[in-house]
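Structure, as structure tokens:
Atoms within each ligand, like the ligands themselves, are counted from 1 in listed order.
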Amino acid sequence: MKKIIVVGAGYAGLSFIKGLTENIFSKAEVTLINNNSYHYHAAQLHKIASGEADKSVIYDIEKIIDKRVKFVVDDVTKIGKDYILAKNGKYEFDYLVLSLGYEKEMFGIEGMDDAFDLGNYEKSLAIKDEIYNKINELKNSKIDELNIVVCGGGLSGVELAGSLATELKEKEGKNNFEFNRVNIIIIEALPNILPMYDKDVVQKATQILENLGVKIMTNSKIIKKDDDGIEIENFGSLKGDIVIWTAGVKGNSLIDNSCFKSYRGRVEVNEYLKPKSCIEEIFIIGDIAAFKDKKTGKFYNPTAQIACQMGTHLAKIINAELGLAKVPKFSYKNKGSVCSIGKNYAVGNIFGKNIYGKFAVIMKEIIEKKWNFALEGFKGLLRG
Ligand SMILES: Cc1cc2nc3c(=O)[nH]c(=O)nc-3n(C[C@H](O)[C@H](O)[C@H](O)COP(=O)(O)OP(=O)(O)OC[C@H]3O[C@@H](n4cnc5c(N)ncnc54)[C@H](O)[C@@H]3O)c2cc1C
């Protein structure tokens with residue numbers, strides 16, 4: 001029996017596990033290692049931070065994987081050429097699939113290590129606790145004003161600010177809570193938010209956020225964070241009671257300390273999802289894999305979409321390798337993306353077409369439900 005080890009139960013790792021065919025289990029022993037017992041829908045973590053969603057974005061891993069897959073909760077600390085080390089033991093493999101996901105990238109900004117971020121479920125819960133604790137202090141007049149600073153106007157920053165503004169209005173508004181003392185401010189270094197979309201989409205998103213009371217500061221480069229807030233180049237200090245970093249992610253730092261040639265926690269992979277360096281039997285997928293678009297020569301952005309496609313494709317590669325069939329090459333099909341701005345509005349671009357409003361909200365729901373369905377079948381469609 002061959003030993004297949006998969007590290008990381010995110011979109012990429014679970015898409016791989018779900019794609020394995022029946023005959024693999026007669027030829028290989030498959031072990032999935034993850035540093036906690038649950039999977040979280042990372043693309044929905046802004047909803048945890050804002051209070052829009054609760055446990056509906058987490059899944060008990062043992063309940064959603066094939067019973068023949070051995071599941072181990074362990075924290076991997078070192079990757080060798082034919083073994084990995086984790087806090088609770090050493091694991092040997094014939095094939096290793098690495099899908100360790102993302103970490104925050106602060107680009108060396110002084111003090112930003114202390115900022116909150118959407119790095120995982122627990123970190124997102126910590127943001128929610130901090131926000132609602134501070135709102136209580138505001139209600140009890142322990143503080144006069146609350147500045148929530150969202151550093152970065154990309155997809156996750158806009159989704160967080162939009163969701164938070166909507167939730168606070170809906171939940172706290174019922175208690176006649178006055179919002180004029182709560183400021184949600186997006187700080188963006190570029191001339192506009194959501195740089196991946198064209199100007200019509202950006203304009204709509206800006207207008208919706210402003211209608212929700214979110215303030216947007218563009219052309220604003222953050223150069224420092226301290227206990228009082230942040231410092232912006234050519235502007236000065238901005239008070240930040242809660243500072244949340246959403247302006248950048250990199251791959252997993254474990255990758256930089258292993259046998260791979262890597263850059264910011266990511267390794268370039270070929271069309272068989274193997275790194276160019278290190279050894280043949282290691283595959284790398286998801287946010288830690290850098291895969292080049294042949295036409296432009298540029299690397300694709302790390303997203304849940306490419307992570308899922310890589311995981312599903314790698315299952316085909318392993319099914320073929322162990323079944324002696326022809327191993328297929330990976331290519332990425334970018335179907336576009338949708339950015340939610342609270343639960344009532346969204347913008348995006350799908351298959352090259354700009355989308356807005358209710359239609360975009362429905363498209364976002366379809367994307368989210370598709371993943372729920374992949375994990376739990378019809379039961380997943382009933383999740384909130
Ligand atoms: C707020 C937000 C919104 C987003 N929206 C979108 C969107 O609309 N569309 C889109 O395509 N993408 C979106 N993304 C990006 C997307 O979430 C990531 O690209 C995706 O999660 C990457 O999947 P992955 O499987 O590589 O890693 P992850 O989903 O990060 O999974 C990695 C797994 O590995 C585990 N792990 C890490 N280190 C170890 C270790 N040492 N030992 C054991 N286990 C370990 C982690 O616990 C985790 O379970 C969004 C991200 C955020 C934060």
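Asn34 meets the side chain to side chain contact (heavy atoms under 4.5 Å, CB included) test with Ala9, Asn36, Ile61, Phe71; sequence neighbours excluded.
Of the residues listed (Ile185, Ile244, Ile222), the one engaging Cys151 in a side-chain contact (heavy atoms from CB on, under 4.5 Å) is Ile222, and it is the only one.
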Table of N or O contacts for ligand 1, cutoff 3.5 Å:
| unit_1 | atom_1 | unit_2 | atom_2 | d |
| --- | --- | --- | --- | --- |
| ligand 1 | 8 (O) | Lys364 | NZ | 3.1 |
| ligand 1 | 11 (O) | Ala304 | N | 2.9 |
| ligand 1 | 11 (O) | Gln305 | N | 3.1 |
| ligand 1 | 12 (N) | Ala304 | N | 3.0 |
| ligand 1 | 19 (O) | Asp287 | OD1 | 2.8 |
| ligand 1 | 19 (O) | Asp287 | OD2 | 3.2 |
| ligand 1 | 19 (O) | Ala304 | N | 3.2 |
| ligand 1 | 25 (O) | Tyr11 | N | 3.0 |
| ligand 1 | 25 (O) | Ala12 | N | 2.8 |
| ligand 1 | 26 (O) | Asp287 | N | 2.8 |
| ligand 1 | 38 (N) | Asn252 | ND2 | 3.4 |
| ligand 1 | 41 (N) | Asp75 | OD1 | 3.1 |
| ligand 1 | 41 (N) | Val76 | O | 3.0 |
| ligand 1 | 42 (N) | Val76 | N | 3.0 |
| ligand 1 | 44 (N) | Asn35 | N | 3.1 |
| ligand 1 | 47 (O) | Asn35 | OD1 | 2.6 |
| ligand 1 | 49 (O) | Asn34 | OD1 | 3.0 |

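In this structure, Arg266 fails the cation-pi test against Phe260, since its NZ or CZ atom is not both closer than 6.0 Å to the six-membered ring centre and inside 45 degrees of the ring normal.
Electrostatic pairing of Lys294 and Glu271 counts as a salt bridge here, judged by a charged N lying under 4.0 Å from a carboxylate O. The pair Arg383-Glu376 meets the salt-bridge criterion, with a side-chain N (NZ, NE, NH1 or NH2) lying under 4.0 Å from an Asp/Glu carboxylate O.
Note on ring orientation: taking the six-membered ring where Trp is involved, the planes of Trp371 and Tyr11 are tilted (angle from 30° to 60°).
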